[in-house]
Amino acid sequence: MANRECPFLAFFQRWADLQGWEVPRLHKRICIWLEECQDPERVLMVFRGAAKSTIYAVYKAWRLHGNRSHRSLVWSADNETAGMLTADTINVLRNHPWCRGMLPTKPGAKRFWVTGAKDARNASMRAVGVSSNATGARADDIDFDDIEVPGNIETTEARLKLRQRISESTHIAVPGAQKTYIGTPHTHDSIYPERIAGGAAVLKIPLFEHVKRYADTRTKTRYRFDSPIADDGLYVIAGIHQFAKIMVQNLDYRVECGEVIFPKPPECVIDICSTCTWPERFTRAEIEKRRKETRTLNAWDSQYLLEAKPVAEIRLDPARMIPYNVQPRITEANGGIGMWLGNAKIAGAALRWDPASGKVNSDVSALALVLQDEGGRRYLHHVQRLSGEVAEFDTDGKKITGGQVLQITELVKKLSLPRVTVETNGIGTFAPAVLKACFKQNRVTCGVSEVVSTKNKQERILESLEPLLLSRGMLWAHIDVLKGPLWAQMKDWNPAQRNQADDYLDASAGAVSETPERISRSGGWNPPSTQQHDWRQSTGIHDVELEYSSGD
């Protein structure tokens with residue numbers, strides 16, 4: 001709550017004078033927002049190195065200066081990080097000329113009470129790590145300071161656990177309490193944009209107000225930049241990590257009529273930026289130094305532009321897949337069989353099943369279908385979680401009435417698929433026999449191949465998918481696949497990590513790597529209308545049509 005007799009900006013300015021700091025416009029903006037924003041939940045996102053935690057420690061001292069009964073709980077990624085904010089606040093209370101007499105002689109490092117505090121059980125300020133027990137605590141403010149770090153967001157399970165811990169704050173906060181999240185995003189599935197989407201107030205200050213990125217610079221020399229240009233001019237940043245460079249105007253490029261013009265194609269990623277938020281501290285030399293020390297564009301974007309992306313490099317970027325939204329259609333014409341997906345002629349298909357029990361706590365039983373056209377392009381058309389038992393039987397134990405094998409049978413019948421490959425590791429040892437029985441029972445002509453996976457799974461996935469993803473236009477995906485769980489698994493996937501959610505990814509990679517059944521012979525054969533269509537090269541022609549998405 002605002003203290004009209006002592007505004008926070010004045011309190012901070014007095015502390016800055018004592019420390020010999022110049023207070024930039026950036027810090028004044030943060031101070032004013034911290035005091036004036038009274039929303040019950042708020043998010044403060046400021047780029048790395050902008051002193052946001054330092055300012056917030058002074059803010060916590062100011063809150064206690066205005067109300068000695070105030071209680072705060074600080075939650076951070078670990079106890080040590082949480083204790084840093086408490087230590088900074090103690091330092092301000094001990095040395096700020098307006099806070100004399102507020103601290104006891106020896107305040108606790110992780111919790112302390114100011115003079116005049118009324119709650120003997122709950123400290124004026126208490127610091128805990130996110131995994132620590134805070135049950136039974138009560139607080140007027142809950143401060144999540146750098147609660148999201150690379151170590152606790154690497155997997156979907158880790159992020160879920162973090163959110164579960166954070167949810168406990170609901171039971172700690174007293175009515176009218178305020179929650180503040182302070183930090184930078186470290187993953188695409190970040191807490192901060194999630195809270196903002198849920199209605200939290202936000203102050204978001206990236207390093208630059210305007211940024212335009214060009215990733216493909218192999219052929220062009222002219223790049224448009226329509227945003228305003230401040231007095232300090234443009235910042236044209238080339239590359240990332242050790243090859244990064246701040247380019248020099250009139251030496252490396254020139255600006256003409258809203259375009260940045262290079263003497264030859266740069267052939268590396270180019271960021272054209274303007275309006276640096278803290279130019280006095282973040283000089284061109286400092287920005288180049290930090291860019292060189294940042295290993296990936298994702299890390300730069302998350303820490304300095306505040307875009308929610310994984311800090312680690314994405315090896316399998318799902319955004320490289322081209323979306324489409326049509327279904328295959330099988331036609332009979334001129335004595336031949338054809339399958340069309342838009343105007344692409346399908347030459348083959350691979351259906352991969354990685355069986356599991358289908359129970360709630362087991363691995364996912366994943367089914368993936370990949371189509372391939374005559375040009376070698378792959379279409380990741382169907383990725384599905386199979387539910388239930390591998391097979392369900394009627395009372396006599398002979399007829400298959402449900403289960404995963406029946407779900408596969410329905411897909412095979414619908415698209416006249418020629419073969420299913422079953423990974424026989426684990427539960428898959430008996431799955432092929434049951435699947436064959438289901439095909440026979442339903443009069444479906446489809447081969448069943450068995451494969452035992454012995455190669456390192458991480459290598460297997462990389463070798464199957466990465467070359468296609470890095471070759472623009474070689475891997476397409478149906479929009480239903482893009483909306484499903486595969487997208488998140490690709491974003492999260494780390495080739496150096498063994499235990500991670502990758503069931504859909506593994507099945508998709510297996511389907512991609514399968515040698516598809518080809519179609520070579522046309523004419524001379526007309527199946528009865530009740531018979532399953534066979535569109536393979538040995539029996540006819542199979543065409544598939546694709547409608548190209550305008551989002552490509």
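Values below: every heavy atom of this structure, side chains too, minus hydrogens, waters and symmetry copies.
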Item to complete: Taking Lys292 for its side chain and Gln242 for its backbone only, find out whether a donor-acceptor pair lies under 3.5 Å.
Response: yes
Fill in: Glu307 backbone acceptor or donor facing Ser302 side chain under 3.5 Å
no
Practice prompt. Without swapping roles, check the side chain of Gln489 against the backbone of Tyr504 for a donor-acceptor pair under 3.5 Å.
Written response: yes
Worksheet item: Between Val326 and His381, is any pair of side-chain heavy atoms under 4.5 Å apart?
Response: no
Fill in: Pair listing, ring pair (Phe, Tyr, Trp, His ring centres under 6.0 Å) test, anchored in residues 144-163, at least two apart
Trp75-Phe144, Phe144-Tyr181
Discussion item. Would the distance check show the side chain of Asp373 and the main-chain N or O of Arg377 forming a donor-acceptor pair, the cut-off being under 3.5 Å?
Written reply: yes
Worksheet item: Considering only heavy atoms from C-beta outward, does the side chain of Glu463 approach that of Ser513 to under 4.5 Å?
Response: no
Item to complete: Not counting sequence neighbours, which residues clear ring pair (Phe, Tyr, Trp, His ring centres under 6.0 Å) with Trp300? List them please.
Response: Tyr304
Fill in: Sidechain-backbone polar pair: Glu514 side chain, Arg352 backbone, donor-acceptor under 3.5 Å
no
Fill in: Test of ring centre spacing under 6.0 Å for Tyr253 and Tyr223
no
Worksheet item: So, Gln441 side chain and Lys399 main chain: donor-acceptor pair closer than 3.5 Å or not?
Response: no
Response to the item:
Smallest heavy-atom separation, Met474 atom then Gly376 atom, equals CE-O, 3.6 Å
Practice prompt. Would you check if the side chain of Asp396 reaches a backbone N or O of Lys398 as a donor-acceptor pair within less than 3.5 Å?
Written response: yes
Practice prompt. Identify whether the distance between the nearest side-chain nitrogen and carboxylate oxygen of Asp189 and Arg163 falls below 4.0 Å.
Written response: yes
Worksheet item: Are side-chain heavy atoms of Met490 and Leu469 found at a separation under 4.5 Å?
Response: yes
Worksheet, complete the sentence: Looking only at heavy atoms, the pair that brings Met321 and Leu380 closest together is SD-CD2, 4.3 Å
Item to complete: Quick one: pull up CD1 in Ile322 and OH in Tyr324 and give me the separation to the nearest 0.5 Å.
Response: 11.5 Å
Discussion item. Is there a side-chain contact between Lys179 and Arg195 in this structure, where contact means two heavy atoms from C-beta onward sitting under 4.5 Å apart?
Written reply: no
Worksheet entry | Sole residue of Ile272, Asp252, Ile270, Thr221 in side-chain contact (heavy atoms from CB on, under 4.5 Å) with Val260 | Ile272
Worksheet item: Would you say Gln404 and Trp353 make side-chain contact, with heavy atoms under 4.5 Å?
Response: yes
Fill in: Heavy-atom donor-acceptor pair, Thr184 side chain to Gln303 backbone, under 3.5 Å
no
Item to complete: Taking Glu450 for its side chain and Pro432 for its backbone only, find out whether a donor-acceptor pair lies under 3.5 Å.
Response: no
Worksheet item: Under the side-chain contact (heavy atoms from CB on, under 4.5 Å) criterion, do Glu288 and Lys245 qualify, and how do the steps go?
Response: CA-CA 6 Å; Glu288 183 175 272; Lys245 177 185 177 183; 3.8 Å; yes
Item to complete: Could you pull out all residues at least two apart from Pro467 that satisfy side-chain contact (heavy atoms from CB on, under 4.5 Å)?
Response: none
Fill in: Any side-chain heavy-atom pair of Leu415 and His382 under 4.5 Å
no
Worksheet entry | Test log, rule side-chain contact (heavy atoms from CB on, under 4.5 Å), inputs Met84 and Asp146 | CA-CA 11 Å; Met84 291 171 64; Asp146 282 331; over 6 Å; no
Item to complete: Mark yes or no for whether Thr217, through its side chain, and Cys268, through its backbone, hold a donor-acceptor pair below 3.5 Å.
Response: yes
Practice prompt. Side-chain contact test, heavy atoms from C-beta onward, threshold under 4.5 Å: evaluate it for Leu462 versus Leu316 and give yes or no.
Written response: yes
Worksheet item: Is there side-chain contact between Arg291 and Asp271, with at least one heavy-atom pair below 4.5 Å?
Response: yes
Discussion item. Is a donor from one side chain sitting under 3.5 angstrom from an acceptor on the other, for Glu148 and Ser190?
Written reply: yes
Worksheet item: Cut-off 3.5 Å, side chains only: do Glu392 and Thr401 have a donor facing an acceptor?
Response: no
